[in-house]
Protein chains: 2
Amino acid sequence: MVTKRLLKGLPEDADLRRADSLAREIFSDVANKWALLIIEALGERTLRFSELRGEVEGISHKMLTQNLRMLERNGLVDRKVHPTVPPRVEYTLTEPGRALRTAVDALCGWTHQHLAHIERARGRFDA
Amino acid sequence: MVTKRLLKGLPEDADLRRADSLAREIFSDVANKWALLIIEALGERTLRFSELRGEVEGISHKMLTQNLRMLERNGLVDRKVHPTVPPRVEYTLTEPGRALRTAVDALCGWTHQHLAHIERARGRFDA
DNA sequence: CTGCATCCGAATCGATACTG
DNA sequence: CAGTATCGATTCGGATGCAG
């Protein structure tokens with residue numbers, strides 16, 4: 001299976017070990033709340049920093065810049081700076097970023113589909 | 001879109017607001033590295049605590065119990081205790097947990113498919 | 001407007017020790 | 001074997017101030 005190497009590590013080959021640690025690094029970057037919500041917010045659109053901040057409920061200035069830098073570094077978002085005053089910076093998903101959307105959509109969809117079930121499970125557990 | 005409410009909050013209706021904050025809570029629980037890797041490790045199998053620890057590369061005893069408790073609380077994993085000595089505790093995905101697997105699989109698959117691209121993007125960015 | 005730096009409290013995490 | 005508790009250390013995250 002394609003996901004195996006994310007789970008049981010320690011391959012013999014040095015190249016495989018490198019690829020594997022890289023995979024886990026990327027997975028850690030991407031599998032976090034804010035990164036995923038930013039991806040979802042961008043979707044097919046191009047948004048400015050301030051617009052993005054309005055779209056992602058509850059994110060702080062700092063977390064937004066931090067995660068945008070990380071996503072840019074990994075080549076998931078494209079950052080375009082317009083040399084105007086005041087500055088205008090636009091963010092757009094790259095091709096890999098858009099590819100990631102299917103996974104994020106699935107996650108968001110799953111969340112909403114199981115709201116009721118989870119709420120009931122919590123009630124039972126907390127008792 | 002089904003994911004909208006995860007992004008721009010502040011619905012007028014009180015019930016909608018509650019459902020929305022619950023959704024964000026669940027999303028925060030689930031959208032984290034360890035939770036997703038545990039789901040992926042379990043898959044269709046039933047695993048003991050110690051086996052699980054061996055499958056999820058690099059997870060600590062503490063993180064594993066912590067995340068298992070959280071997943072159990074949300075009704076994503078089933079915890080079965082065998083009253084033997086030494087104790088034997090088995091974990092299995094519930095139906096909602098298995099449903100989540102499609103999203104996790106997509107995420108893991110995406111990671112491996114874009115390894116090379118991301119590595120190159122990083123090289124450019126870090127320069 | 002965007003982004004960087006800084007401070008500081010809060011949350012996370014790993015390591016260790018201890019119980020049934 | 002599985003789980004809990006505790007303790008430092010690191011990281012996270014929000015708030016604020018300053019610069020381009």
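Quick note on labels: first sequence line is chain A, next is B, and so on, each numbered from 1.
Taking atom CZ of residue R53(A) and atom C1' of nucleotide dA15(D), one finds them 11 Å apart after rounding to whole Å. Atom pair R88(B):CZ and dA2(D):P shows a separation of 8 Å (rounding to whole Å applied). Protein atom CG of N32(A) is 13 Å distant from nucleotide atom C1' of dT11(D), rounded to whole Å. When the P atom of dG14(D) is taken as reference, atom CG of N67(A) falls 10 Å away, rounded to whole Å.
Note: H112(B) NE2 to I26(A) CD1 = 9.0 Å, rounded to the nearest 0.5 Å.
Comparing S60(A) and P87(A), the nucleotide of DNA chain D nearest to each residue sits closer to the 5' end for S60(A). A residue-by-residue look at E51(B) and I59(A) shows that E51(B) has its nearest nucleotide of DNA chain D further toward the 5' end.
Five base pairs at each end of the helix from dC1(C)-dG20(D) to dG20(C)-dC1(D) define two local axes, and these are offset by 40° (rounded to 10°).
For F27(B), the ring-ring contact (aromatic ring centres under 6.0 Å, His included) test picks out no residue, with sequence neighbours left out. With sequence neighbours left out, E51(B) forms a salt bridge (charged side-chain N to carboxylate O under 4.0 Å, His left out) with no residue at all. By the side-chain contact (heavy atoms from CB on, under 4.5 Å) test, K80(B) is found to be paired with H82(B), residues two or more places apart in sequence or in another chain being considered.
Taking 4.5 Å as the limit, some side-chain heavy atom of L107(B) sits within range of a side-chain heavy atom of L100(A). Between R79(B) and R69(B), some side-chain heavy-atom pair lies under the 4.5 Å cut-off. At least one side-chain heavy atom of V30(A) sits less than 4.5 Å from a side-chain heavy atom of L36(A). You'll find the side chain of D105(A) reaches within 4.5 Å of the side chain of E40(A), heavy atoms only.
Put simply, R48(B) has no side-chain N or O that comes within less than 4.0 Å of OP1 or OP2 on dC1(D). When the side-chain nitrogen and oxygen atoms of S50(B) are compared with OP1 and OP2 of dA2(D), one or more of them lie within a distance under 4.0 Å.
In the hydrophobic clustering of this structure, V81(B) does not group with F125(A); members are Ile, Leu, Val, Met, Phe, Trp, Tyr whose side-chain heavy atoms approach within less than 4.5 Å, directly or through other members.
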Enumerate all atom pairs, one protein N or O and one N or O from nucleotides 3-5 of chain D, separated by less than 3.5 Å.
| from | atom 1 | to | atom 2 | distance (Å) |
| --- | --- | --- | --- | --- |
| dG3(D) | OP1 | R69(B) | NH2 | 3.2 |
| dG3(D) | OP1 | R79(B) | NE | 2.8 |
| dG3(D) | OP1 | R79(B) | NH2 | 2.6 |
| dG3(D) | OP1 | Y91(B) | OH | 2.8 |
| dG3(D) | OP2 | Y91(B) | OH | 3.1 |
| dG3(D) | O5' | R69(B) | NH2 | 3.3 |
| dG3(D) | N7 | H61(B) | NE2 | 2.9 |

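Close approach of DNA chain C to chain A, defined as any atom under 4.0 Å from a non-hydrogen atom of the protein, starts and stops at dC1(C) to dC7(C).
With N67(A) contributing its side chain and M63(A) its backbone, the two residues share a donor-acceptor pair below 3.5 Å.
Minimum heavy-atom separation, P96(B) to L76(B): CB-CD2, 4.0 Å.
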